[in-house]
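What follows is a short report on a single structure.
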Amino acid sequence: MKKEDTVKLISAEGFEFIIDKNAAMVSQTIRNMLTSPGGFAETEHREVTFPEISTPILEKICQYFYWSLQYASGKETEFYIEPELTLELMMAANYLHT
């Protein structure tokens, strides 16, 4: 995968997730950050920091992005969410518009 086809998502603790740009675009918020005109750092560096999203939650969100792409292409599988992550995950999903 080429570097220009990836996006770096950084959690509150500084953990970096490098994922496919198409997967990241599942989120309307990330899509807006990466495609906005005006020379924003996120657009220029393909790097988005989420100071309010913890590493375990951002990891689950990245998994969801890939699952969503598979589901959209016709592969129907379950997406399991651990009960202890539910509240934080719902808040992050609301922010990310996923």
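Sequential numbering from 1 along the given sequence is applied to the chain's residues. Note that the coordinates shown come from a computational prediction; the quantities given were computed from them, not determined experimentally.
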*Would you indicate whether the side-chain heavy atoms of L89 and I81 approach each other to under 4.5 Å?*
yes
*Not counting sequence neighbours, which residues clear side chain to side chain donor-acceptor pair (under 3.5 Å) with T55? List them please.*
S11, E13
*Is there side-chain contact between I18 and V7, with at least one heavy-atom pair below 4.5 Å?*
no
*Looking at residues at least two apart in the chain, or sitting in another chain, which of them share a side-chain contact (heavy atoms from CB on, under 4.5 Å) with S73?*
none
*Taking the side chain as C-beta and beyond, is there a heavy-atom pair between L58 and L9 under 4.5 Å?*
yes
*Which distance, rounded to the nearest 0.5 Å, do you find between the CD of Q70 and the NZ of K75?*
4.5 Å
*asked:* Using modelled atom types and a 3.5 Å cut-off, is there a donor and acceptor pairing between side-chain atoms of R31 and backbone atoms of M25?
replied: yes
*asked:* Restricting to non-hydrogen atoms, name the atom on A12 and the atom on P51 that form the minimum distance, rounded to 0.1 Å.
replied: CB-O, 3.2 Å
*If you count the non-hydrogen atoms of other residues, nucleotides and ligands that lie under 6.0 Å from CZ in F79, is the total more than 12?*
yes
*Looking at Y66 versus Y64, is the centre-to-centre ring distance below 6.0 Å?*
no
*Hey, does the side chain of W67 reach the backbone of T77 with a donor-acceptor pair shorter than 3.5 angstrom?*
yes
*What distance do D5 atom CG and I19 atom CD1 have between them, rounded to the nearest 0.5 Å?*
12.5 Å
_Residues that E82 engages under salt bridge (Lys or Arg N to Asp or Glu O under 4.0 Å), provided they are two or more places apart_ = K60
*Could you walk me through whether E84 and T86 pass the side chain to side chain contact (heavy atoms under 4.5 Å, CB included) test, one step at a time?*
CA-CA 6 Å; E84 63 272 10; T86 305; over 6 Å; no
*Verify, without hydrogens or angle tests, whether S27 (side chain) and A24 (backbone) share a donor-acceptor contact under 3.5 angstrom.*
no
*asked:* Hydrophobic clusters here meaning ILVMFWY residues chained together by side-chain heavy-atom distances under 4.5 Å, can you tell me if L96 and I10 are in one?
replied: no
*May I have the step-by-step check of side chain to side chain contact (heavy atoms under 4.5 Å, CB included) for E59 and F15, ending in yes or no?*
CA-CA 9 Å; E59 179 180 22; F15 194 88; over 6 Å; no
*Are L85 and M90 connected in the hydrophobic side-chain network, where two residues link if heavy atoms are under 4.5 Å apart?*
no
_With rounding to the nearest 0.5 angstrom, report the CD to CG distance, E44 to L34._
12.5 Å
*Output the distance between atom CZ (R46) and atom NZ (K8), rounded to the nearest 0.5 Å.*
10.0 Å
*asked:* Can you classify the ring geometry of F50 versus Y95 as parallel (below 30°), tilted (30 to 60°) or perpendicular (above 60°)?
replied: perpendicular
